[in-house]
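The next block holds one structure in the form of structure tokens; read it before the comments.
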Amino acid sequence: MRFSEFALTTLKEVPAEAEIVSHKLMLRAGLIRRLASGLFTWMPLGLRVLRKVEAVVREEMDRAGALELLMPAVQPAELWEESGRWDQYGPLLLRMHDRHEREFCFGPTHEEVITDIARRELRSYKQLPVNYYQIQTKFRDEIRPRFGVMRSREFIMKDAYSFDIDRDGMQASYDRMHDAYAAIFERLGLKFRIVDADSGEIGGSRSQEFHVLADSGEDAIAYCDEDNYASNIETAETSPSGDPRPDASQDLEKFPTPGVKTIAELCEMLGITAGQTIKTLIVEGTNGPVALVLRGDHELNAVKAQKLEGVASPLMMADDGVIRRALGAGAGSLGPVGMTLPVYFDHAVGNMADFSCGANEDGFHYKGVNFERDLPAPDTVDLRNVVEGDPTPGGKGTLSIARGIEVGHIFQLGTKYSEALGATVQDESGKNQVMEMGCYGIGITRIVGAAIEQNHDDNGIIWPGPLAPFDVVIVPINMHRSDEVREAAEALYSELGDLGFEVLLDDRDARPGVKFADAELVGIPHRVVIGDRGLAKGEYEYRHRRDTDSRDLKREEVLNLLKESAIS
RNA sequence: CGGGGCAUGGCGCAGUCUGGUAGCGCAACUGCUUUGGGAGCAGUGGGUCGGCGGUUCGAAUCCGUCUGCCCCGACCA
């Protein structure tokens with residue numbers, strides 16, 4: 001491709017809408033342009049990258065025995081009513097109707113459609129296992145689209161669905177996808193981690209997420225390499241410490257704390273740390289509000305809390321009126337002493353002694369509170385997010401916390417959808433069996449953003465080789481004034497093209513600095529500079545995007561080096 | 001959806017408080033000079049100042065209203 005024919009516009013200044021690096025760089029390098037909130041056009045350069053991702057995903061899916069098909073993006077409401085999700089899915093689902101007033105939605109996912117296909121196509125256990133996949137545009141009417149392509153409303157997803165006769169078969173299909181996903185992210189050259197996850201809205205039992213590690217990631221991951229453990233923080237479990245509770249050494253004292261509303265304020269007033277306090281959160285319950293008690297420095301884990309008996313799911317904090325009616329005090333002055341609501345204590349609270357907490361009376365707190373003396377010893381449950389240094393569930397190490405971008409998610413669905421839609425096959429004895437399903441998603445468009453988050457510097461993008469829109473950029477210096485330079489550049493351009501490289505020839509009549517800056521912004525891995533200066537010595541200048549210095553090489557050396565890089 | 005902010009050429013912004021000629025930088029176009037790290041000079045094009053309504057002799061500027069976008073929270077590939 002000749003730069004002069006590529007209609008690429010790069011930006012020196014960043015549009016104000018962009019906040020994270022990948023979004024800024026994608027706009028500046030001309031990969032994407034925004035149409036409306038959460039809607040992006042993939043420009044020619046960006047599309048080249050997208051296609052690279054697709055190609056790798058497709059190859060590995062095919063290799064794993066999955067079958068590609070393509071389902072409609074628009075889906076009839078009836079199917080969603082059959083699965084029960086028409087009412088469940090809520091505003092995330094973009095609904096519409098046709099000229100006959102029939103209801104449809106723009107598919108946010110395709111469990112319903114694929115299960116419908118499966119129940120029509122699959123008759124016998126002999127046809128199983130089957131794993132269908134597609135690479136297709138989804139729409140989710142996100143509450144808050146942001147970060148460019150990372151959380152857009154329209155996005156491209158690879159979604160796959162496996163069908164098996166029994167649980168063992170499903171497990172095998174799941175394991176194959178697990179391995180295929182690992183191979184995909186490996187090949188794409190991304191640093192990633194596989195973590196245990198909550199199965200959430202889609203339903204089902206086992207589920208794991210694939211996270212690209214990046215500081216800007218929206219998810220927190222708890223992991224421990226010694227113990228071979230990794231989990232989304234949503235599902236990382238804590239257990240009671242085996243240590244005995246210390247004895248009480250202080251007397252219970254109630255004291256005035258006018259204006260103290262937060263743990264931080266309480267700590268400042270008493271000169272203690274948050275770890276010596278207790279916070280009491282009131283959430284909506286299925287049968288009136290429920291109190292959740294955590295150590296002051298810990299964070300409530302919503303996924304864990306909403307699974308507790310009597311707690312409303314999805315989790316909702318009780319509003320101030322409810323709290324006041326139930327306890328006679330505001331949110332800043334609550335505590336477990338004399339608590340009249342059903343209450344859950346976090347494991348970590350069970351080990352506390354001489355702690356401080358609210359007195360359930362506005363403007364008053366207790367200090368020197370102790371279990372078994374001031375309130376009954378608690379049964380404890382897992383309520384909080386793990387923190388750095390917590391023991392692993394296996395007990396062999398301690399947890400570290402990293403941030404990640406979720407680019408893949410695999411689920412064991414079981415029979416949730418096959419049951420609802422009646423997707424059965426006959427088994428060996430001729431009896432109808434409900435098929436066991438798994439589903440497997442990869443955010444194709446998100447991968448592009450995630451790759452940039454992980455691979456960039458001050459000058460721009462540094463594409464991992466397999467993702468690069470071009471392999472090589474040729475930068476001729478003064479091409480329009482030097483016949484030697486022009487001929488050398490043209491010759492190299494066509495030769496590399498013949499060798500199968502994707503080459504960008506920067507044939508613009510621009511100053512060198514402009515070309516260098518664009519080459520770096522766009523992030524093409526290999527750069528070959530050709531100028532009169534080097535040609536006089538029979539040399540080209542080569543530099544990899546990751547290198548800080550360039551090397552003067554003979555033409556043959558450049559060719560060999562590129563050929564070698566293509567093999568590895 | 002709740003809270004905060006913004007809307008002025010393609011992009012980044014000033015001007016708004018205190019009403020009176022729409023401006024700067026980048027980008028684009030033309031010409032000349034220049035050519036190894038985002039060049040210089042001269043010139044050109046492009047904006048109903050987000051929409052609608054109001055106040056006023058006069059509105060980018062004041063008032064009302066609507067829309068769009070961004071940021072902070074619950075959702076997710």
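Note that the coordinates shown come from a computational prediction; the quantities given were computed from them, not determined experimentally. Quick note on labels: first sequence line is chain A, next is B, and so on, each numbered from 1.
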Span that lies between the C1' atom of B:rU67 and that of B:rU30, in whole angstrom: 40 Å
Pair of N/O donor and acceptor under 3.5 Å linking B:rG68 base with A:R34 side chain: no
Separation of B:rG37 P from A:R508 CZ (nearest whole Å): 16 Å
Interatomic distance where CD1 belongs to A:I477 and C1' belongs to B:rG36 [whole Å]: 5 Å
Electrostatic pair A:R2-A:E490, nearest N-O below 4.0 angstrom: yes
Touch class at under 4.0 angstrom, heavy-atom based, for A:T137 against every strand present: nothing
Heavy-atom closest contact (A:L69 atom, A:Q134 atom, distance): O-CB, 3.0 Å
A:F210 CZ to B:rC76 P, straight-line distance once rounded to whole Å: 19 Å
Heavy-atom donor-acceptor pair, A:R527 side-chain to B:rG36 base, under 3.5 Å: no
Any A:S37 side-chain nitrogen or oxygen under 4.0 Å from OP1 or OP2 of B:rG68: no
Sugar-phosphate, base or nothing in reach of A:R28, heavy atoms under 4.0 Å: base
Distance-only donor-acceptor test, A:D518 side-chain atoms vs B:rG38 base atoms, 3.5 Å: yes
Watson-Crick or G-U wobble mate for B:rG9, both contacts under 3.5 Å: none
Distance, rounded to the nearest Å, where A:L92 contributes CG and B:rA74 contributes P: 15 Å
Residue whose closest nucleotide on RNA chain B lies nearer the 5' end, A:F147 versus A:E234: A:F147
Nearest-Å distance once atom P is located in both B:rC41 and B:rC26: 9 Å
Pairing nucleotide - B:rG19, Watson-Crick or G-U, each distance under 3.5 Å: none
Base of B:rG36 and ring of A:F516 stacked, centres under 5.5 Å, planes under 30°: no
Short side-chain N/O contact from A:R140 to OP1 or OP2 of B:rC75, under 4.0 Å: no
B:rC72 versus B:rC57 - spacing of their C1' atoms, nearest Å: 46 Å
Distance, P atom - from B:rC49 to B:rG4, rounded to whole angstrom: 28 Å
Pair assignment for B:rG43, Watson-Crick or G-U wobble, requiring both distances under 3.5 Å: B:rC29
salt_bridge(A:E54, A:K158) N-O dist < 4.0 Å: no
B:rA59 to B:rC17 separation - C1' atoms, rounded to the nearest Å: 15 Å
Sugar-phosphate only, base, or nothing, as touched by A:E19 at under 4.0 Å among non-hydrogen atoms: sugar-phosphate
Residue whose nearest RNA chain B nucleotide is more 5′ - A:E17 or A:N478: A:N478
Nucleic acid contacts of residues 212-219 of chain A, taken as heavy-atom distances under 4.0 Å to RNA chain B: A:E218, A:D219
Could you write out each protein N or O paired with an N or O of nucleotides 39-47 of chain B at a distance under 3.5 Å?
{"residue": "B:rA39", "atom": "OP2", "partner": "A:R511", "partner atom": "NE", "Å": "3.4"}

Between C1' of B:rU34 and CG of A:D509, the distance in whole Å: 11 Å
A:E309 atom CD, over 12 foreign heavy atoms within 6.0 Å: no
Salt-bridge criterion met for A:E17 and A:R34 (N-O under 4.0 Å): yes
Touch class at under 4.0 angstrom, heavy-atom based, for A:G531 against every strand present: base
Rounded distance in Å between the P positions of B:rG58 and B:rG47: 25 Å
Atom pair distance, as rounded to whole Å: CZ in A:R85 and P in B:rC76: 11 Å
Watson-Crick or G-U wobble mate for B:rC75, both contacts under 3.5 Å: none
Over 12 non-hydrogen atoms of neighbours within 6.0 angstrom of CZ in A:R33: yes
Cationic tip of A:R555 above A:Y540 ring, under 6.0 Å, 45° of axis: no
Counter-base of B:rA14, judged by Watson-Crick or G-U geometry with both distances under 3.5 Å: none
Note: A:R403-A:D215 ion pair, threshold 4.0 Å (strictly below): no
Residues A:R58 and A:E68 bridged, charged N to O under 4.0 Å: yes
Interatomic distance at C1', B:rU21 relative to B:rU61, whole Å: 15 Å
Nucleotide opposite B:rG58 in a Watson-Crick or G-U pair, distances under 3.5 Å: none
Plane angle bin for A:F185 and A:Y181 - parallel if under 30°, tilted between 30 and 60°, otherwise perpendicular: perpendicular
Separation of atom CZ in A:R146 from atom P in B:rC70, rounded to whole Å: 11 Å
Nucleotide forming a Watson-Crick or wobble pair with B:rU35, both distances under 3.5 Å: none
Inter-nucleotide P distance (B:rC71, B:rA42), Å rounded: 41 Å
Basic-acidic side-chain contact under 4.0 Å: A:R151, A:E142: yes
Donor-acceptor under 3.5 Å (A:T137 side chain, A:I156 main chain): no
Look for any protein N or O under 3.5 Å of an N or O in nucleotides 5-11 of chain B and output each such pair with its distance, or none.
{"residue": "B:rC11", "atom": "O2", "partner": "A:E13", "partner atom": "OE1", "Å": "3.4"}

N-O pairing of A:E237 and A:K304 below 4.0 Å: no
Integer-rounded Å distance: B:rC69 P and A:F40 CZ: 11 Å
Over 12 foreign heavy atoms within 6.0 Å of CZ, A:R543: yes
A:R85/A:E112 salt bridge by N-O under 4.0 Å criterion: yes
B:rU65 - base-pair partner by Watson-Crick or wobble geometry, distances under 3.5 Å: B:rG51
